[in-house]
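So the structure is just underneath, and the comments pick up after that.
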Amino acid sequence: MVNKLEVAWTLATVALIAGVAAYSTVLLYHLDALPAHPDEYVDVIGHQWFWEFCYPQNVSKVGCFNATYDPTTGATTGGHLWAAPGSVVQVNITAADVIHSFNIPGLGIRLDAIPGRVNSIAFTVPQVAAGTSFLIQCTEFCGTYHGTMRADLVVT
Ligand SMILES: [Cu+2]
């Protein structure tokens, strides 16, 4: 004999799980969606052991820039990921040699840099004063000098 209460709580559980699954699927789709017209495209290439930033569509920053981190002074020189406050930036991330991971902890951005593949993510630069910088750190162990694979997102 079928207990009506058992049928009811089974159906309620199935409905609850189906609802959470549907909501999560839609949310994940929107989280991965890239903006149609970001303000800036930046190609990010991970190397052992530095980050390279290229600005393919920015006439004022043509070319590629390597970030050089000096662990004795803690300073990063050379190239930066430059972006204007409030701008929407799409970064297209790859690697030249081994797997790296592009991470901006201050903005909650993290995406793997994989040779032969381009991973893209977009974010909005916070409305902060010009000159403010956010640490960029490789978070995938990539060899001897992985710990020095740092750069800065510099708000211009
Ligand atoms: Cu690394």
Side-chain angles (χ1 to χ4, degrees), residues 17-156:
I17 291 172
V20 169
Y23 179 77
S24 300
T25 302
V26 171
L27 188 64
L28 279 172
Y29 176 79
H30 287 291
L31 279 176
D32 283 345
L34 294 169
H37 303 288
D39 299 309
E40 180 84 89
Y41 289 96
V42 183
D43 293 336
V44 177
I45 303 136
H47 300 263
Q48 287 177 310
W49 290 272
F50 62 91
W51 291 107
E52 179 181 15
F53 303 105
C54 303
Y55 300 83
Q57 297 182 0
N58 190 321
V59 292
S60 66
K61 289 180 288 212
V62 175
C64 297
F65 304 86
N66 296 343
T68 304
Y69 173 73
D70 182 348
T72 57
T73 63
T76 303
T77 53
H80 299 295
L81 175 48
W82 291 289
S87 63
V88 176
V89 178
Q90 178 176 324
V91 285
N92 305 311
I93 303 165
T94 190
D97 35 42
V98 299
I99 296 175
H100 303 275
S101 190
F102 179 83
N103 185 22
I104 311 176
L107 301 182
I109 303 295
R110 182 170 188 233
L111 205 62
D112 283 348
I114 300 170
R117 180 187 166 93
V118 177
N119 289 328
S120 297
I121 193 170
F123 59 91
T124 302
V125 178
Q127 290 283 1
V128 294
T132 303
S133 67
F134 295 87
L135 171 70
I136 297 169
Q137 168 74 62
C138 179
T139 47
E140 178 76 36
F141 181 68
C142 56
T144 308
Y145 296 104
H146 158 70
T148 67
M149 198 167 159
R150 293 181 174 203
D152 290 313
L153 162 62
V154 177
V155 179
T156 55

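Positions are given from 1, in the same order as the sequence printed here. First listed ligand is number 1; within each ligand, the first listed atom is number 1. Quick note: numbers below take in every heavy atom, side chains included, and nothing from hydrogens, waters or symmetry partners.
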Sub-6.0 Å ring centroid separation between Phe53 and Trp82: no

Of all residues at least two apart in sequence or in a different chain, which pass the disulfide bond (SG atoms under 2.5 Å apart) check with Cys142? none

With Phe50 via ring-ring contact (aromatic ring centres under 6.0 Å, His included) - residues at least two apart: His47

Where is the tightest heavy-atom contact between Pro85 and Thr156, given as atom of each residue plus distance? CD-O, 3.1 Å

With the Cu ion (ligand 1) as the centre, enumerate protein N/O/S atoms below 2.8 Å in chain and residue order. Cys138 SG, Glu140 O, Cys142 SG, His146 ND1

Does some side-chain heavy atom of Ile45 sit less than 4.5 Å from a side-chain heavy atom of Trp51? no

Glu52: salt bridge (Lys or Arg N to Asp or Glu O under 4.0 Å) partners, not counting sequence neighbours: none

